[in-house]
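Step one of this worksheet: look at the structure below.
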Amino acid sequence: VDGNIMVVGASNDGENGQGSVYIYRWNGENWIQETKITPPDDSKVEEFGISVSVKDNRIVVGDYGYGHYGFYDDDFGHYDDEKGAVFVYEFDSLKESWVQVGGFLMNNDDSGGFGLHVELVEDEDLVVSSHGSIYYYEKHEESYVLKQRIIDNNSMSSIAVGMNEMVVSEDEDNGDCVLIFRFFLRKNHVWEEVNQLDNSDIGVEFGWRGVALFGNTTLIVSYHNVHVFQDYFRPST
């Protein structure tokens, strides 16, 4: 949700189950469906709408299963499975409709699942995660340029992104069952890690977890509890 616009992804929607995105606009009393975005006519689309983000008049849509039926990777000379892709849309006030901007964004260096999580941040820059990496893209006119590979770690399990804040949880299950929480701030268009905690520091039991952000407030969901933490985006001392 951003202002009076709400975007909902339905990644198994549609006649072929390739996914759809529903856009709603608040009219002062109710959320009214404005339109439905269907994926491009492309057989490689698999999970369109698995992730969505909206800011101002721009929407990004993730499809982490894109290429499930085989995408030819020129770098390695073979077909990769589920490379993933991100699609960008803007509201055209003249046409009064949402139109796709450019083609779509991919990262052929990624190991798979690109577009698992998408988030528009300040300046309409973009954060994209895959199964094991997190990327930061800067907006340059109508395209996105890779600025930073923030994390390259296959143990990543959950991510939450604010305008300039991010928290990531990672499993370090090497027999000690350690859960790591990493806190990042964006300064001068660069993401920097400012704090790191593990589950023993903050009393969160090891197990499935989710993370969410509300300003400087971090919510961590474990098997049995929701834990609330404040101001962990200050550098540790």
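What you see is a predicted model, and the numbers here were worked out from it, not measured in a lab. Just so you know, these numbers use all the heavy atoms, side chains as well, and skip hydrogens, waters and symmetry mates.
Summarising the geometry, atom CG belonging to Asn4 is positioned 6.5 Å from atom CH2 belonging to Trp31; distances are rounded to the nearest 0.5 Å. From Asp125, atom CG reaches atom NZ of Lys139 across 9.0 Å, with rounding to the nearest 0.5 Å. Here the NZ-CG distance, from Lys55 to Leu126, works out to 12.5 Å after rounding to the nearest 0.5 Å. With values rounded to the nearest 0.5 angstrom, Arg58 atom CZ is found 4.0 Å from Glu90 atom CD. For the atom pair OG (Ser93) and NZ (Lys95), the distance works out to 11.0 Å, reported to the nearest 0.5 Å. Between the CG atom in Asn57 and the CG atom in Asp92 there is a gap of 10.0 Å [rounded to 0.5 Å].
A donor-acceptor pair shorter than 3.5 Å can be found between the side chains of Tyr137 and Asn107.
Legend: residues meeting salt bridge (Lys or Arg N to Asp or Glu O under 4.0 Å) with Glu192, ordered by chain and number and at least two apart, are absent. In this structure, the side-chain contact (heavy atoms from CB on, under 4.5 Å) partners of Asp231, at least two apart in sequence or on a different chain, are Asn216, Arg234. In terms of the salt bridge (Lys or Arg N to Asp or Glu O under 4.0 Å) criterion, Glu138 has no residue partners (sequence neighbours excluded). With sequence neighbours excluded, the residues satisfying side-chain contact (heavy atoms from CB on, under 4.5 Å) with Gln18 are Asn16, Pro39, Val45. Listed by chain and residue number, Glu122, Arg186 satisfy the side-chain contact (heavy atoms from CB on, under 4.5 Å) test with Asn164 (two or more places apart in sequence, or in another chain).
With respect to the salt-bridge test (charged N to carboxylate O, under 4.0 angstrom), the residues Lys83 and Glu46 do not qualify. Salt bridge annotation for Asp13-Lys36: present, with a cationic side-chain nitrogen under 4.0 angstrom from a carboxylate oxygen.
In this structure, Val121 is not a member of the same hydrophobic cluster as Val190, with clusters built from ILVMFWY side-chain heavy atoms closer than 4.5 Å. No single ILVMFWY cluster, assembled from side-chain heavy atoms under 4.5 Å apart, contains both Met6 and Val54. Val8 and Val118 fall into different hydrophobic clusters, defined by Ile, Leu, Val, Met, Phe, Trp and Tyr side-chain heavy atoms under 4.5 Å apart, directly or through other members. No path of Ile, Leu, Val, Met, Phe, Trp and Tyr side chains, each step under 4.5 Å between heavy atoms, connects Ile5 with Val1, placing them in separate hydrophobic clusters. Transitive grouping of hydrophobic side chains (ILVMFWY, heavy atoms separated by less than 4.5 Å) brings Phe91 and Ile59 into a common cluster.
Pairing each heavy atom of Ala160 with each of Leu213, the nearest pair is O-CD1, 3.5 Å. The two residues Phe87 and Tyr89 have their closest heavy-atom pair at CB-CE1, 3.7 Å. In plain terms, the two heavy atoms of Ile150 and Tyr136 that are nearest each other are CD1-CB, 3.8 Å. Of all heavy-atom pairs between Val211 and Ser169, the closest is CG1-CB, 4.4 Å. Ser11 approaches Gly49 most closely through the heavy-atom pair CB-C, 4.0 Å. Contact detail for Ser133 and Arg149: the closest heavy-atom pair is OG-NH2, 3.0 Å.
Heavy atoms of other residues, nucleotides or ligands lying less than 6.0 angstrom from CG of Asp41 number 12 at most.
With contacts defined as side-chain heavy-atom distances shorter than 4.5 Å, the pair Arg182/Leu197 does not qualify. Tyr144 is not listed as a side-chain neighbour of Val128, based on a closest heavy-atom distance of 4.5 Å or more. Inter-residue side-chain proximity for Val161 and Phe184 is flagged as unmet; no heavy-atom pair is nearer than 4.5 Å. Residues Ile159 and Glu119 have side chains not in contact (no heavy-atom distance under 4.5 Å, counting atoms from C-beta outward). The shortest side-chain heavy-atom distance between Val127 and Ile134 falls under the 4.5 Å cut-off. Annotation: side chain of Tyr135 is in contact with side chain of Asp110 (closest heavy-atom distance under 4.5 Å).
Ring geometry for Phe229 versus Tyr232: interplanar angle over 60°, hence perpendicular rather than tilted (30 to 60°).
Side chain of Ser51 to main chain of Gly115: a donor-acceptor pair is present (N/O by atom type, distance under 3.5 Å, no hydrogens or angles). Put simply, the side chain of Asn225 never gets that close to the backbone of His227: no donor and acceptor are under 3.5 Å apart.
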After noting the C-alpha distance and the side-chain angles of Thr218 and Phe183, does the key distance pass the side-chain contact (heavy atoms from CB on, under 4.5 Å) rule? CA-CA 10 Å; Thr218 304; Phe183 297 82; 3.6 Å; yes
Can you list the steps and then say if Ile151 with Val168 is a side-chain contact (heavy atoms from CB on, under 4.5 Å)? CA-CA 9 Å; Ile151 287 180; Val168 179; 3.9 Å; yes
If you look only at distance, which donor and acceptor atoms sit under 3.5 Å apart when one is on a side chain in residues 96-105 and the other is two or more places apart or in another chain?
{"from": "Trp98", "atom 1": "NE1", "to": "Glu34", "atom 2": "OE2", "distance (Å)": "2.7"}
{"from": "Gln100", "atom 1": "NE2", "to": "Gly103", "atom 2": "O", "distance (Å)": "2.6"}

